[in-house]
Amino acid sequence: MSPQVRRDADFQPELRKNIITREWVIIASGRSKRPSDFAGASPPLPPLPSHDPGCPFCAGNEAETPPELFALRADGKRNGPGWSVRVVPNKFPALRPDGQPEQRNRGIYAFREGVGSHEVIVEAPEHNKDLWQMEVGQVEAVLAAYQQRLLALEAQEGTRYVLIFRNRGARAGTSVSHPHSQLIAASIQPQELRMEILGAADYYEYIARCAFCDIIVEESRGDERIVLQSDHFLVHAAYAGRYPFETWILPKRHAIRFGDMTPPERADLASVLKETLTRLAICLNNPSYNFALHTAPVEEHNVRAFHWHLEVYPRLSTPGGFELGSDLYINATAPEEAARFLRECKC
Ligand SMILES: [Zn+2]
Ligand SMILES: [Zn+2]
Ligand SMILES: [Zn+2]
């Protein structure tokens, strides 16, 4: 957060509450941080070759990765070329499959061995097409791989949460250009998810409705935060988004698990995700971004109060001391402005 974000004396910042997690954010949008200020902010990326001989994820270099866990292939042999999507263990995993997941103590401190899985979903054999530039069918294949790995890891003993996420661009924490997503299966529930689960359960208890379904109804009353929608999905700039252009993709059908998405929904999500990422890439000049898939955790599969969704976080600003010290985020672009910009942008 830079100090010059807002100088207009007539502007009133607003505190907004996330109805799921009950976290507050400060929406402090101003003339100096209009959406168009972000476009052109990042330097253009150098063009990449379709094949990089030194890239372990490129077709033909399969021997450079650990043996594959899953692949969609029309021809060819396991761990050889011919695949369209390939899933391999991360060579430098944050968590490993073996160890003792039970919590133990070290004086007043607690620890567990870092048991779990860390996988890379290589999204295409070509090196140089990002997800938004791929054919819709290829994006759909990536989503099919997500579902397959999610279900397989959720069924594994000891898994408490599986998070699928994507880092794109240097500011989003990736060092590998080849298009890929990642997956981490952990023996603990991440705090952000716990807050969503508990918040959605509380909302359900008091109002007897799913908070996410209510968000869909509320957003559909007007269209000020809607970016786009399809038969099965609504894409909107989150009302209390922590980051400029934070965008949520919500299935219209109440469903707690991403793994239960039907093939027609998956095909629809592929085009909705491609369209959303295309708008971000074209309108904001290919920004770095992360996205994360939030689905009901393994032990909550019988609850009705969750609703899976995908959250996209463009990395247009860097959290400063205030955010890090307080966990109270300042978002310098009103979600309404972000949505209008993405809606009206000519892609
Ligand atoms: Zn590559
Ligand atoms: Zn719902
Ligand atoms: Zn979420």
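Just follow the structure's listing: the first ligand is 1, and inside any ligand the first atom is 1.
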Within-2.8 Å protein N/O/S contacts of the Zn ion (ligand 3):
Glu196 OE1, Glu196 OE2, His294 ND1, His309 NE2, Glu311 OE2
Are any of the side-chain nitrogens in [X] or [Y] under 4.0 Å away from the carboxylate oxygens of its partner?
| X | Y | answer |
| --- | --- | --- |
| Glu113 | Arg104 | yes |
| Arg168 | Glu123 | no |
| Glu275 | Arg279 | yes |

Can you tell me if CD on Glu135 sees more than 12 non-hydrogen neighbours from other groups inside 6.0 Å?
no
Angular separation of His307 ND1 and His254 ND1 about the Zn ion (ligand 2), given to 10°:
110°
If you round to 10 degrees, what value do you get for the angle at the Zn ion (ligand 2) between Cys210 atom SG and Cys213 atom SG?
110°
In terms of hydrophobic clustering (I, L, V, M, F, W, Y; side-chain heavy atoms under 4.5 Å; direct or indirect links), are Val120 and Tyr289 co-clustered?
no
Under 4.5 Å between side-chain heavy atoms, hopping through other hydrophobics if needed: is there a path connecting Ile282 to Met134?
yes
Would a line drawn from the ring center of His127 to the ring center of His51 be shorter than 6.0 Å?
no
Proximal protein heteroatoms (N, O or S) of the Zn ion (ligand 1), under 2.8 Å
Cys55 SG, Cys58 SG, His127 ND1, His178 ND1
Please enumerate all residues that pass side chain to side chain donor-acceptor pair (under 3.5 Å) together with Lys17, with sequence neighbours excluded.
none
What pairs with Glu14 under salt bridge (charged side-chain N to carboxylate O under 4.0 Å, His left out), at least two apart in sequence or on another chain?
Arg16
Testing Glu119, His118, Arg96 one by one against Asn90 for a side chain to side chain donor-acceptor pair (under 3.5 Å), which residue passes?
His118
